[in-house]
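Order of appearance sets the numbers: ligands from 1, and atoms from 1 within every ligand. Worth knowing before you read on, the calculation uses all heavy atoms, side chains too, and leaves out hydrogens, waters and symmetry mates.
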Amino acid sequence: MTRDLFEDDAEVRREEGTAAVSSSLPLGPGAVVLRGRALDDAAMLLADLRQQVLARAPWRHMVTPGGFRMSVAMSNCGALGWVADRGGYRYDPRDPDSGRPWPPMPASFARFAAQMAAGAGFDGFAPDACLINRYEPGARLSLHQDRDERDFDQPIVSVSLGLPAVFLFGGATRAHKARRVPLAHGDVVVWGGPARLHHHGVLPLAEGTHPLTGRCRINLTFRKAGPARP
Ligand code: SIN
Ligand code: FE2
């Protein structure tokens, strides 16, 4: 137990060291952290999020099929939105709270996501879904795979804004020990190809405030959820 904790600390320090020298941290074939790559666009992404998305599809805490209220608050934009309810997990073209289509994906979002995917070696990424997660201190996301999409050819692009978090990145099976990856404001994680179905999650968020987001972390997760040619 003690040994495990020390190993994790050493890994955190090593990764912080890496960030100072290089702006990308490989997490294995098909997965990479692009350090600080959203710093220049963060204010624009957050403004577009508030004005174009949250104004029409406000934060809500979804309930899992097992009946648990998720600690992470969510919204969506794009043609499809990820939804959890007593019936299961799925992508839905409509916001169940309003009955209306999800807000369109801001042009800034789609452009940024495609740039990040290309930077990680995935050209031509055209996301049709952006799930937006808000973590307040204590909120967490347990290890899971992103597998509600129609096909797994396209990568996932995940943008961290606001308070820092510890991202868990595991392997194809739940048995694989998950690595702890500290993510700061402006970091972008891209995983696809052989890593597309790898398990991942977020440890409970620590207390804090950030000048751009206040007392929370906001994560934008871009995916191609629908069929390649609708
Ligand atoms: C997710 O798995 O949907 C979000 C991951 C994160 O918040 O970094
Ligand atoms: Fe996920």
Side-chain angles (χ1 to χ4, degrees), residues 12 15 25 27 30-38 42 45-46 49 53 59-62 64-65 68 70-78 80-84 88-92 102 105 109 112-113 116-117 120 127-150 152 154-174 176 178-192 195-206 208 210 213 215-225:
V12 167
E15 280 162 2
L25 169 71
L27 296 178
V32 67
V33 182
L34 306 171
R35 292 286 188 207
R37 218 60 71 85
L45 293 171
L46 287 167
L49 173 65
V53 181
W59 298 119
R60 79 284 311 271
H61 291 270
M62 296 183 192
T64 66
F68 294 101
M70 298 184 76
S71 61
V72 178
M74 296 177 172
S75 183
N76 286 283
C77 61
L80 292 168
W82 185 85
V83 183
Y89 303 113
R90 65 179 183 283
Y91 281 96
D92 200 308
W102 294 103
M105 193 179 299
F109 279 34
F112 183 76
M116 294 302 111
D128 57 8
C130 176
L131 170 66
I132 305 128
N133 295 314
R134 184 192 68 192
Y135 299 75
E136 290 180 324
R140 62 189 287 267
L141 199 60
S142 52
L143 268 190
H144 66 278
Q145 294 170 291
D146 287 5
R147 53 184 311 155
D148 300 320
E149 299 73 31
R150 282 283 277 273
F152 304 130
Q154 302 232 25
I156 310 275
V157 172
S158 170
V159 184
S160 291
L161 300 168
L163 288 179
V166 178
F167 185 61
L168 300 173
F169 197 74
T173 70
R174 202 164 266 283
H176 192 109
R179 175 171 177 178
R180 296 177 173 216
V181 184
L183 293 181
H185 173 70
D187 287 348
V188 178
V189 190
V190 182
W191 66 98
R196 175 62 181 74
L197 286 172
H198 282 199
H199 289 74
H200 56 280
V202 177
L203 289 183
L205 202 81
H210 188 277
T213 61
R215 194 170 164 263
C216 70
R217 167 180 187 256
I218 292 178
N219 168 261
L220 313 177
T221 303
F222 294 93
R223 307 179 181 122
K224 172 71 183 169

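When the N, O or S atoms of His144 are ranked by distance to the Fe ion (ligand 2), NE2 comes first. When the N, O or S atoms of His200 are ranked by distance to the Fe ion (ligand 2), NE2 comes first. Within Asp146, the N/O/S atom positioned nearest the Fe ion (ligand 2) carries the name OD1.
Listed for the Ser75 side chain is no donor-acceptor partner under 3.5 Å among the backbone atoms of Ile132. With hydrogens and angles ignored, the 3.5 Å screen pairs a side-chain donor or acceptor of Arg60 with a backbone N or O of Met74. With hydrogens and angles ignored, the 3.5 Å screen pairs a side-chain donor or acceptor of Asp187 with a backbone N or O of Gly36.
Of all atoms in ligand 1, listed by their number and element, those nearer than 4.0 Å to a heavy atom of Thr221 are 3 (O), 4 (C). Within the listing of ligand 1, atoms 4 (C), 5 (C), 6 (C), 7 (O) sit less than 4.0 angstrom from a heavy atom of Tyr135. Shown in contact with Asn133 at under 4.0 Å from a heavy atom are these atoms of ligand 1, numbered in order with element: 1 (C), 3 (O), 4 (C).
Taking the six-membered ring where the residue is Trp, His176 and His198 present tilted rings, their angle falling between 30° and 60°.
Between atom 1 (C) of ligand 1 and the options Leu141, Ile156, Leu205, Val202, the minimum heavy-atom separation is to Leu141. Selection from Gln145, Arg140, Arg223 by nearest heavy atom to atom 3 (O) of ligand 1 gives Arg223. Between the choices Asn219, Ile218, Val181, Leu143, the shortest heavy-atom distance to atom 6 (C) of ligand 1 belongs to Asn219. Checking His144, Arg217, Arg134, His200 against atom 8 (O) of ligand 1, the nearest heavy atom belongs to Arg217.
Neither the backbone nor the side chain of His199 has any atom closer than 4.0 Å to an atom of ligand 1 (non-hydrogen atoms only).
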- Task: Evaluate the side-chain contact (heavy atoms from CB on, under 4.5 Å) criterion for residues Phe222 and Met116: first the C-alpha distance (whole Å), next the side-chain angles of each, then the deciding distance (0.1 Å), finally the verdict.
- Result: CA-CA 10 Å; Phe222 294 93; Met116 294 302 111; over 6 Å; no

- side-chain contact (heavy atoms from CB on, under 4.5 Å) between Leu141 and Met70, intermediate numbers included: CA-CA 8 Å; Leu141 199 60; Met70 298 184 76; 3.9 Å; yes

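The six-membered or imidazole ring of His199 lies away from that of His144, with a centre-to-centre distance of 6.0 Å or more.
The CG atom of Leu161 lies 8.5 Å from the CZ atom of Arg217; values are rounded to the nearest 0.5 Å.
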